Amino acid sequence: MRSHLSARSSQDEKRVVITEKTPLSTSSINSSSSLSYGSAEDDVLVSIGTPHIHGDAVSIRSSASQKTSMMQDLKTWIYNVLFGKTANLSKSSEEEHRVAASLREVASLDVDNILKRFDTGFNGIDPSEASERLAKYGKNELSSAVLKPWYVIVFQGLIHPFNVLLMILGILAITVAEDSTTFYFVLAMVILSVGLRSYEELKSQKSFKSMRDLIEPLTRILRPDGNGGFVETEIPIADVVPGDVLTLRPGDIFPGDVILIESKDLFVSQSSLTGEFLPVEKSTNVNEPDSIFDLSNICFMSTSVVSGRGRAVVISTGNSTYISTINSTLNSDSMETRNSFDVGVRKVAYLLLGFGLVMVPIVIVVNGLTTGDFYEAVLFGMSVLIGLTPEMLPMILNANLAYGASEMAKHKTIVRKLDAIQTMGVVDVICSDKTGTLTQDNVVLTEHLDSSNINNIDVLHYAFLNSHFSTGLKNVLDSAVIKAAEASEHVKTDYASSEKGQLYSLVEEFPFDFVRRRMSVVLKTSATHAELICKGAVEELLDICVEVREYSNGASTDVEMSDEYRQKLLAKVAELNGDGLRVLAVATKAIPDKELEGKDFSTDKDEIDLTFVGFLTFLDPPKDDCAAAIEDFKKYHVGIKVLTGDNLAVACKVCKDVGIDTEYIITGPELEEIEDNEEELDDIVERTTVFAKLTPFQKFNIVNILKKNGHTVGFLGDGINDALALRGADCGISVDTATPLAKDAADFILLEKSLHVITQAIIRGRKTHANTIKYIKMAASSNFGNVFSVLIASAWLPFQPMTGNQILTQNLLYDISQIAIPWDNVDDEYLLHPHQWSADSIFKFMLYLGPLSSIFDVYTFVVLWFYFDFRMPFTDDVKYFQTCWFYVGLITQTLIVHMIRTEKLPFIQRNPSWQLALGTVSVVVVGIIIPFTPLGTSVLQMLPVPGMFYPFLIAAIVGYFVSTQIVKKIYMRRYKEWL
């Protein structure tokens, strides 16, 4: 049994739930609401046996509730200040309801009242009036996403939490410690980091602007010619005003919200707004549907004419249109929200800053009490604080992101927001639109079934003749039939070649209309009769059929169409509709040759007593690489949820075809019924994989709920109805052929319609995250260990174990060795799972690995103090001691990257990239040489170490490596993670 949502049961609690008792049947799919409730004995509306609460108890409970609410509000406020706010679309939703109500009101008017309401005529308004209205209403433009000036991008880079942390340290260094060297070094790191980041973002923004500014769209409007007629003219869409009258032809894009005053066989594509893959019929008829998108006489800005003709009055333009409610929301402050990357980065920055604020005062007090010089202790504490912070972190992070953007550009992807690269690696749920995203956005003929439900070439042959000889405008279904016939080896499609002979000629045509819902052609054949071939809506066509053509062993027989036979065919159609297929029927009728001469054809006399031939089924098929991409998502442990405005049956059909689970499914109207029950709604959104008939705001809310549930959410879409969700997601992905609103809201724009690019983005994001977190964990744990070592040394030694300049030089050399990290290899096992930014994980890593390095620092102190007897302050003993510890600290800290960078055994099971290997070896060599140079002896006050120290140095390095591997196994066994 398949259900909209599975039931949850509990022995302790009875509650309203959506149960598994509703199967995925045609009736449930096509119903306006398919919620099913459990039996009375399972689920009840109220709890049983709840005691009656008297006044005092109520008062106490009310007071406690108020305090709880106040505490929750306070926690929310603090969280928003520290990590950013959550979007609130309540005002936007109200505006959407207001615009929808206004459209319904206009839709109820007849043509005369429409023209009166908008003070226009059937042939439009004159140019002077148009100019006045343009001045009154303004340009017909949506306020698109404003491209950031260079100085805004630079400023946003400067206020990145890691850069702010470094700038604080730099200011402390020059003001408190009077250390200009540190200040300029930190300043250089910030400038390099911001410069690299700004360059990449400006480059991406330039590419995006070039893509957006390719064309200036025009539209056709009517102007009175002064003689009771009209002149058709083209004007920029930006100059269209309310009251303008449009002539509609295939391919036209509606420049505003319009109401039809004349139509003929008009079909409009609303897929960018609703997600429906098939065009919808539009006419001047007035109706009162549940959804405003189903208003028969209203067409919306940015939708387009597929076939037919018409005339329409523009009723709203620019920021008064329906899609402006989405657009204004996109550009409002309410959409400036946090994503998982922002929250993770801030948590890590706060962890590092908080750790420094706790540890440094302890270092200052201990060092001051030991040496008796608190001024020098404060200066030393500032050096420790700076040494505790990974100075190269912004540089490493942005180098990783820039390298990722460069790699994604090779896959023809524009990265509009640099942070999105790393966010993509953290994504664990991708929500995707269906039409044009998972599917080709191109209707194809999937089957041509006879009465026995077998694909039959005769059915395709008759359908082709009907579509081919129709003189009207071909709609998407006609085009699909013709393409299928042309691709078949068994259907003759060339009737224009005189060499092959003219087998058919058109005698008469009955065009499609919305009453009959079918169209017919009468063709003269080379035989002694003509043939009427009809194609159209199933029920309307079956009503005029009296026979059914049955096929057996290559022969056909016409049998009577009984009521039982008709019900059998309708049941088959219901089954096909339940599979998400659009179905048309085909029928034919022979007309004797003698009846053709002078015959006055009519639908009433001739479009009767037909013989049913078969069914045609249509679908917007999945993209060729869609199923493989879904398998890739599963391989990399990324969940997939489909959020579409199309109907449930179509969504389920596509999902089944590409391997997306359809056990839990639900529609937008069903979600509305439970939206007040927050707990139930959160649970439903968590478990459901297919959401259909959604509004743009519902898509956004689903994304927000998933984020609230702890997921990092990517959204893939290309329509107007996807724009809010694209902006609200942690990472929005669109394509270059998407609507402008969708592209404005996206973080990634794919220049190729290949879903495999998304997999590449996931892998690249995870590599970026892995290489960034390598540096953070290595540097933070190593620096933490150094602080421990300094505390021990401060309590033990009568001198500083290393000068401030030596600490800064050691950190600088170490940081230089890590510049190659963006090019490092990442374990394949690590790439299979998403990994969140976690300050808690970094803290645990510091606690395990930091003290480990201190053990070998203490080992070094013991060797230097007791074996080499380096004890006397103000002598060369201090320089020897400091140089030896400089060696141990630099070499172990630099080489330990090879132990930390992989879960496996380094160099045996996993190798680093050649860039990282070269960088670490080079820095170790430079560090060993420094004490032999004027820089070491004169500036850093170092001396070459005794030769006997080198065996102890090697022992420290080997011991540290072995110990780290042991701790790694213990850590991984306990926490099931490493990086």
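On a predicted model such as this, the values are computed, not experimentally measured, just so you know. Hydrogens, waters and symmetry mates are skipped; everything else that's a heavy atom, side chains included, is used. One-based numbering along the sequence shown.
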[atom1] ([X]) with more than 12 external heavy atoms under 6.0 Å:
| X | atom1 | value |
| --- | --- | --- |
| W796 | CH2 | yes |
| F961 | CZ | yes |
| K635 | NZ | no |

Say you draw a straight line from [atom1] of [X] to [atom2] of [Y]; how long is it, rounded to the nearest 0.5 Å?
| X | Y | atom1 | atom2 | result |
| --- | --- | --- | --- | --- |
| T920 | Q893 | OG1 | CD | 13.0 Å |
| T759 | R764 | OG1 | CZ | 14.0 Å |
| R766 | I421 | CZ | CD1 | 15.5 Å |
| K767 | I762 | NZ | CD1 | 13.5 Å |
| C431 | L726 | SG | CG | 10.5 Å |
| K969 | T964 | NZ | OG1 | 13.0 Å |

Do the side chains of [Y] and [X] get nearer than 4.5 Å, heavy atoms only?
| X | Y | result |
| --- | --- | --- |
| K417 | F748 | no |
| L852 | I855 | yes |
| I821 | L916 | yes |
| Q818 | V897 | yes |
| P834 | T712 | no |
| V735 | I749 | no |
| P906 | Q965 | yes |
| I758 | L750 | yes |

Any donor-acceptor pair under 3.5 Å linking the side chain of [X] with the backbone of [Y]?
| X | Y | value |
| --- | --- | --- |
| S817 | V923 | no |
| H835 | I773 | no |
| T894 | I891 | no |
| R416 | D747 | no |
| Q810 | F886 | yes |
| S781 | M778 | yes |
| K777 | W978 | yes |
| D857 | S789 | no |
| K412 | A409 | no |

Would you say the ring centroid of [X] lies under 6.0 angstrom from that of [Y]?
| X | Y | answer |
| --- | --- | --- |
| W885 | F861 | yes |
| F949 | Y867 | no |
| W865 | F870 | no |

Kindly give the heavy-atom pair with the smallest separation between [X] and [Y], and that separation in Å.
| X | Y | result |
| --- | --- | --- |
| V427 | G714 | CG1-N, 3.7 Å |
| T768 | Q422 | CG2-OE1, 3.4 Å |
| A770 | L979 | O-CD1, 4.4 Å |
| I630 | G659 | CG2-O, 4.1 Å |
| D661 | T689 | O-OG1, 2.6 Å |
| C731 | A420 | SG-O, 3.9 Å |

(request) Under the side chain to side chain contact (heavy atoms under 4.5 Å, CB included) rule, collect the residues that match up with F932, sequence neighbours excluded. (result)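 Applying side chain to side chain contact (heavy atoms under 4.5 Å, CB included) to F932 gives Y887, P944, Y950.
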(request) Please list, chain by chain and in numerical order, all residues satisfying side chain to side chain contact (heavy atoms under 4.5 Å, CB included) with L943, sequence neighbours excluded. (result)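 If we apply the side chain to side chain contact (heavy atoms under 4.5 Å, CB included) test to L943, skipping adjacent residues, the hits are D876, K879, Y880.
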(request) Taking atom types as modelled, find out whether H711 and D428 have a side-chain donor-acceptor pair closer than 3.5 angstrom. (result)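 Their side chains do contain a donor-acceptor pair, which is all the 3.5 Å distance test asks for.
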(request) Could you go through the side-chain hydrogen bond (donor to acceptor under 3.5 Å, both in side chains) check for N400 and T772 one step at a time? (result) CA-CA 7 Å; N400 265 310; T772 302; 3.1 Å; yes
(message) In terms of relative ring orientation, are F868 and F952 parallel, tilted or perpendicular, with 30° and 60° separating the classes?
(response) perpendicular
(request) Classify the ring geometry between Y848 and Y975 as parallel (under 30°), tilted (30 to 60°) or perpendicular (over 60°). (result) perpendicular
(message) Before you tell me yes or no, could you show the steps for L751 and I414 under side-chain contact (heavy atoms from CB on, under 4.5 Å), namely the whole-Å CA-CA distance, both residues' side-chain angles and the distance that decides it to 0.1 Å?
(response) CA-CA 7 Å; L751 302 182; I414 295 175; 4.0 Å; yes
(request) Take I430 and M424 through the test side-chain contact (heavy atoms from CB on, under 4.5 Å) and record every step on the way to the result. (result) CA-CA 10 Å; I430 287 182; M424 196 65 204; 4.1 Å; yes
(request) Kindly determine whether V426 and H769 satisfy side-chain contact (heavy atoms from CB on, under 4.5 Å), including the steps that lead there. (result) CA-CA 8 Å; V426 185; H769 178 81; 4.1 Å; yes
(request) Please determine which of D827, D824, N771 meets the side chain to side chain donor-acceptor pair (under 3.5 Å) test together with R901. (result)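 Between R901 and the candidates, side chain to side chain donor-acceptor pair (under 3.5 Å) is satisfied uniquely by D824.
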(request) Could you walk me through whether Q882 and T803 pass side-chain hydrogen bond (donor to acceptor under 3.5 Å, both in side chains), step by step? (result) CA-CA 8 Å; Q882 291 172 342; T803 67; 5.2 Å; no
(request) Verify side-chain contact (heavy atoms from CB on, under 4.5 Å) between I842 and I776, making sure each step is shown before the conclusion. (result) CA-CA 8 Å; I842 295 171; I776 293 175; 3.6 Å; yes
(message) So that I can tick it off, tell me whether E829 and R910 are bridged by a salt bridge, with the cut-off set at under 4.0 angstrom between side-chain N and carboxylate O.
(response)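 So R910 pairs with E829 through a salt bridge.
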